[in-house]
Chemist: 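Here it is, the structure, as structure tokens.
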Amino acid sequence: QVQLVESGGGLVQAGGSLRLSCAASGRTFSNYNMGWFRQAPGKEREFVAAITWSGGVTYYADSVKGRFTISRDNAKNTVYLQMNSLKPEDTAVYYCAADRVSTTYYYTSVYEYNYWGQGTQVTVSS
């Protein structure tokens with residue numbers, strides 16, 4: 001089992017920044033690719049960003065590319081999401097997720113991930 005706990009959400013004005021953290025425990029963190037997803041009210045959970053187990057490769061949704069940065073610190077068992085130039089449409093509950101490393105990595109799919117955190121609310125006011 002892997003336990004994931006997100007933090008860092010909150011209320012911010014449009015144009016502002018937040019940094020989300022996701023602390024992992026329970027298994028070897030570097031055995032997992034990590035992703036960030038978000039879910040707005042009435043909408044499906046959507047992919048935001050992902051990072052491979054070593055941190056060597058990152059992926060982003062088009063809607064956040066150039067504004068958000070995903071990173072990880074395997075020594076601290078933590079993955080981060082730095083969010084800049086926030087927009088009201090970024091308002092959602094943000095979830096981190098862990099994917100056990102295998103031969104394929106469908107990083108945009110919610111079904112790819114084995115473990116999920118409880119989520120942290122991000123609200124961007126206009």
Chemist: Has the side chain of S109 got a donor or acceptor atom that lies under 3.5 Å from a matching backbone atom of Y106?
Modeler: no
Chemist: Could you grab the distance from atom SG of C22 to atom CZ of R72, nearest 0.5 Å is fine?
Modeler: 10.0 Å
Chemist: Report yes or no: does T28 contribute a side-chain atom to a donor-acceptor pair with the main-chain N or O of S30 at less than 3.5 Å?
Modeler: no
Chemist: According to the interplanar angle, ranging from 0 to 90°, do the rings of Y107 and Y59 count as parallel (below 30°), tilted (30 to 60°) or perpendicular (above 60°)?
Modeler: parallel
Chemist: Out of Y95, Y94, W116, which one pairs with F37 under the ring-ring contact (aromatic ring centres under 6.0 Å, His included) rule?
Modeler: W116
Chemist: Does a side-chain heavy-atom distance below 4.5 Å link N114 with D99?
Modeler: yes
Chemist: Using side-chain heavy atoms (C-beta onward) and a distance below 4.5 Å, is Q121 in contact with T91?
Modeler: yes
Chemist: Considering all heavy atoms of both residues, which atom of L11 and which atom of S125 are nearest to each other, and what is their separation?
Modeler: CD1-CB, 4.4 Å
Chemist: If I compare all heavy atoms of V48 with all of V64, which pair ends up nearest, and what's the gap?
Modeler: O-CG2, 3.5 Å
Chemist: Hydrophobic clustering (ILVMFWY, side-chain heavy atoms < 4.5 Å, transitive) - are W36 and V12 grouped together?
Modeler: yes
Chemist: Contact between T69 and L81 at the side-chain level, heavy atoms closer than 4.5 Å - yes or no?
Modeler: no
Chemist: Please give me the minimum heavy-atom distance between A92 and A40, naming the atom from each residue.
Modeler: CB-N, 3.8 Å
Chemist: Can you tell me how far OG of S7 sits from CG of L20, rounded to the nearest 0.5 angstrom?
Modeler: 8.0 Å
Chemist: I'd like to know if the side chain of T58 reaches the main chain of I51, judged simply by a donor and an acceptor atom lying under 3.5 Å from each other, with no hydrogens or angles considered.
Modeler: no
Chemist: Search all heavy atoms of S71 against all heavy atoms of V79 and return the closest pair with its distance.
Modeler: O-CG2, 3.1 Å
Chemist: Rounded to the nearest 0.5 Å, what's the gap from CG on N31 to OG on S102? Could you check?
Modeler: 11.5 Å
Chemist: When you compare the side chain of F68 with that of Q82, does any pair of heavy atoms fall below 4.5 Å?
Modeler: no
Chemist: If hydrophobic clusters are built by linking Ile, Leu, Val, Met, Phe, Trp and Tyr wherever their side-chain heavy atoms come under 4.5 Å apart, do Y60 and V122 end up in the same one?
Modeler: yes
Chemist: If I take atom OH from residue Y115 and atom CZ from residue R100, how far apart are they, to the nearest 0.5 angstrom?
Modeler: 5.0 Å
Chemist: Evaluate the side-chain hydrogen bond (donor to acceptor under 3.5 Å, both in side chains) criterion for residues S17 and N84: first the C-alpha distance (whole Å), next the side-chain angles of each, then the deciding distance (0.1 Å), finally the verdict.
Modeler: CA-CA 4 Å; S17 299; N84 298 329; 2.9 Å; yes
Chemist: How many angstroms lie between atom OH of Y32 and atom CG of N74, to the nearest 0.5 angstrom?
Modeler: 13.0 Å
Chemist: Under the disulfide bond (SG atoms under 2.5 Å apart) definition, can you give me all pairs with a residue in residues 65-95, not counting sequence neighbours?
Modeler: none
Chemist: Among the clusters formed by ILVMFWY side chains lying less than 4.5 Å apart, do V93 and L18 turn up in the same one?
Modeler: no
Chemist: So R67 and M83, do their side chains get closer than 4.5 Å, heavy atoms only?
Modeler: no
Chemist: Sorted by first residue and then second, give each salt bridge (charged side-chain N to carboxylate O under 4.0 Å, His left out) pair with at least one member in residues 12-41; sequence neighbours left out.
Modeler: R38-E46, R38-D90
Chemist: Testing Y80, Y113, F29 for side chain to side chain contact (heavy atoms under 4.5 Å, CB included) with M34, which one passes?
Modeler: F29
Chemist: What's the shortest heavy-atom distance between A23 and T78, and which atoms?
Modeler: CA-OG1, 4.2 Å
Chemist: Examine distances only and state if a side-chain atom of E6 and a backbone atom of S21 form a donor-acceptor pair shorter than 3.5 Å.
Modeler: no
